[in-house]
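Some notes on the structure that comes next.
Letters go in sequence order (proteins before strands), and every chain restarts at 1.
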Amino acid sequence: MTERGVAGAGLRLPPLRAAVALAVAGLSVIPLWYVGSGLATAGGGFVDLVWRPRVGELLVNTVSLVVAVTAACLVIGVGAAWLVERTDLPLRPLWTVLNAAPLAIPAFVNSFGWSSLSPRFAGFGAAFLVTTLSYYPLVYLPAAAALRDTDPAFDEAARSLGCGPWRAFARITLPRLRPAALGGGLLVGLHLLAEFGAIQSLRFDTFTTAIYDQYQAYFGGTGATALASVLVLLCLVLLVAELRLAGRARLARVGSGSRRRPVPHRLGRGRLLAAAALLLLAVAALGVPLGRIGYWLVVSTSTAFPAAELARATASTVVLGLVGAAATTAAALPVAWLVVRRPGWASRLVERGTYIGHALPGIVVALALITVGIRYVPALYQSTTMLVVAYVTLFLPLALVGLRSALAQSPPELDEVGRTLGVGPGGILLRVTVPLVARGAGAGAALVFLAVVTELTSTLLLAPTGTRTLATQFWSESTAIHYGAAAPYALLMILVSAPMAYLLTREARA
Amino acid sequence: MSDRLRVSGLSKAFGAVPVLTGIDLEVPAGGLTALLGRSGSGKTTLLRIIAGFGRADAGEVRVGDRDVTGMPSERRRIGYVTQDGNLFPHLTVAGNVTFGLPWRARRRRHRVEELLELVGLDPSYAGRLPHSLSGGEQQRVALARALAPEPDILLLDEPFSALDAELRSSTRRAVAATLRATRTTALLVTHDQSEAMSLADRVAVLRDGVVRQEGTARDVYLHPVDLDVAGFVGEIVDLPATFAGATAATPLGPVALREHAVGSGLAHVRPEQIEPAEDGTEAEVTDVELHGGFGVVRAKCGPVQVTARWPTHLLPQPGSVVRVRVRGAAVLASGEV
């Protein structure tokens, strides 16, 4: 009695929740363990597997694509963000939407749009163009947010100290923008290392596509593991860079002081030119894929419209999305609780652990789960459970971010105040904690749903035979060059994710 | 009408560090007592133990005749208003205010209006969300919320310290008026002596985990038990003195003593006791600091530095010579007695 009265509002049970959180984090580390154990068992033979001209070729392909696309995304993303946020460009709200929208179109749908224009659209140049158009919003969004949040007072101070507008941009705006833009750039790099569909369909070889081919040809084996280990190494390089950047980015963040909207730079006659450039970008990133989907829909409706197939794929996609979102959110809950309510090195480690799964390519996570599954829980192989576990591993941080901030908004003081008002721990949970966390949990779950709906690689590898999602159906039709048959799946994918995406953007604005 | 709060023999240590060592404190029914202490004096710890969030190592807490020592907070009938208000961000003002009421009572509109009126807020606030309120308004809502279930005791943990000066005094007045109107027994924790003096019927000074002095605000100010309490509740001026029974001879003339003393030491007086007087001792004004309606005069009387507080129309020029004397008895005497 005494013990309970003093312990606080339902905060007993840390061991259980901590154990669950640890298990969740452990799940995320399985891929690393898989690569590590592969290295260990293969021993000396492993070196021979990795040290081949073929691997060298893949390394050159992958690294040159990552470097070129990341650089292009940085230039386009920062440039577009500056034009939209800091100049007197007309139709600002329109450009804001158009520059975020490419994220709603999966890269493999974008590549379908371009490659269906001409069969000769393939190779490095094609892969460079398509992935740049698909991923530049990853730089644009944080850069635009940073530009919006930066107090113009810094800029004004520089101007008053005798800097011209361009020097003020170079010496004040750009350095303050650096953490956000580089963070976005690293994200582009990680996405490129993981990208499979777009690059495969454009017939360009990187580690991810090579691992897939190896797996399809030999069903696992050391060849795929060897390639995966090199890929994981590349990911770790980017992850370490991101960790170091995140440490510094915190210092660079602006305080919560009052923000004024900066006086926009006048572009003069350049306004039309800038608008034309942004329009061209939107046409290339959005117009081409959407236009091609529309074109093929119109051209092919006369030939075949398999309504039953479409309905089945849509249903299984929605169900997988909902189950994946629910499972991921449930798994993220104890981790979020641990991070917010029990801060310290241990909980930070658990949180970091969950990010590993997100940073690793879907193909590595899928291969790891297949290997571990066959070895220890064969019953799970080729089951929906295994697929959902892969989604949890891949998308946990998406759910975690929202939950964390929501839990942070529900500090223990609120529980205490509630109890002095005569409400017991159960009532507090129902009337305070759950309503406060629900919003963040919902936003996180929506993000996971979106990610699952457009996920291709691990779904291809892990989905039980007979389970067809919109993404896998689209993939099999478009790789068979049945463009007309592929188009309705792409359209449905966009339609299914549209309401969630809309909810999310509304949330972001509120 | 609420109950009396009595804390007796309360002790608490964090590890080897004692924070509270045998606290005895009584807040009379319907009264407002201020618990005054510097930061780190253990006042918030004491408050949290009374509210039921922390556990004492020894001692008991009684509300009226009820021993609430081991009771969970939700059954103590002790309300709590924190420094930041801690309004529930997902609930409207009405939702916050009625949070502690039984389900049926939560739906009655007039109850919300009554409570808002009590803390001086317009009923139109009922539908607003906390983030659209100013800091002072949030604190008033927090007070209405705490008062709604008609607690036996209300605890206020530095409820005004997060507000700016102007808002602070208006919110203070509103809170004091509300507490008087509802005749709620209240314990206010603060480190601000002027806040404690202006609001509370009684003041308890907490230092080193012990209540050093407890009494009416006037009593604590005029008759502090020791030099530390005297300096904490107000400014003091030290005058070198030779004690001769009921009076002391000082550079500013004779000063009455409250207790007989002999020998030499210091007589401590308040700055407002040093008055201009034509038959007083000469002092050279070194500095004058204006605070609107009154001013602080610093002057030298031989080697002795004195500080006085005078109405603005009486303030001298710096560098001029004034004549002063001490009115009333010294608040304290110290030295070889």
Side-chain angles (χ1 to χ4, degrees), chain A residues 1-14 255-259 336 340-341 402-444 506-510, chain B residues 12 47-57 60-61 67-91 95-103 105-106 129-131 141-157:
Chain A
M1 174 79 181
T2 324
E3 197 56 50
R4 259 198 79 227
V6 178
L11 292 182
R12 292 251 129 172
L13 302 177
S256 60
S258 66
R259 289 183 227 124
V340 173
R341 292 278 170 101
L403 271 180
R404 257 189 70 164
S405 53
L407 262 185
Q409 284 193 355
S410 163
E413 288 81 26
L414 285 186
D415 298 8
E416 290 177 356
V417 165
R419 295 190 64 182
T420 62
L421 295 167
V423 180
I428 298 291
L429 187 72
L430 275 181
R431 292 174 59 196
V432 180
T433 318
V434 167
L436 277 175
V437 171
R439 238 178 125 78
R506 220 185 47 174
E507 185 98 348
R509 252 178 276 141
Chain B
K12 170 81 179 171
L47 213 60
R48 289 179 61 82
I49 289 173
I50 297 173
F53 305 139
R55 184 181 178 188
D57 300 333
E60 63 170 22
V61 180
D67 180 1
V68 301
T69 313
M71 215 180 253
S73 6
E74 64 267 24
R75 287 175 42 204
R76 293 191 175 200
R77 299 185 48 79
I78 296 181
Y80 188 37
V81 178
T82 60
Q83 199 166 335
D84 318 303
N86 284 116
L87 296 183
F88 300 116
H90 61 299
L91 297 177
N96 266 287
V97 169
T98 57
F99 188 89
L101 297 179
W103 188 77
R106 266 182 248 159
L129 281 167
H131 65 80
V141 175
L143 179 66
R145 176 178 69 179
L147 288 173
E150 292 170 353
D152 293 336
I153 310 286
L154 187 67
L155 306 176
L156 302 145
D157 187 3

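At a 4.5 Å heavy-atom cutoff, the contact between B:Arg48 and chain A is made by side-chain atoms alone. For B:Leu87, the part lying under 4.5 angstrom from a heavy atom of chain A is the backbone only.
Geometrically, A:Arg431 engages B:Phe99 in a cation-pi contact, judged by NZ or CZ lying under 6.0 Å from the ring centre and within 45° of the ring axis.
Heavy-atom pairs under 4.5 Å with chain A were tallied for B:Pro89, B:Gly79, B:Gly95, B:Ala148; the largest tally goes to B:Pro89. Note on B:Ala142, B:Gly100, B:Ala146: by heavy-atom pairs under 4.5 Å with chain A, the leading option is B:Gly100.
With a 4.5 Å cut-off on side-chain heavy atoms, B:Ile78 and A:Thr420 do not count as touching. A heavy-atom distance below 4.5 Å is not found between the side chains of B:Ser73 and A:Glu416. A:Val417 has its side chain out of reach of A:Val432: every pair of non-hydrogen atoms, C-beta onward, lies at least 4.5 Å apart.
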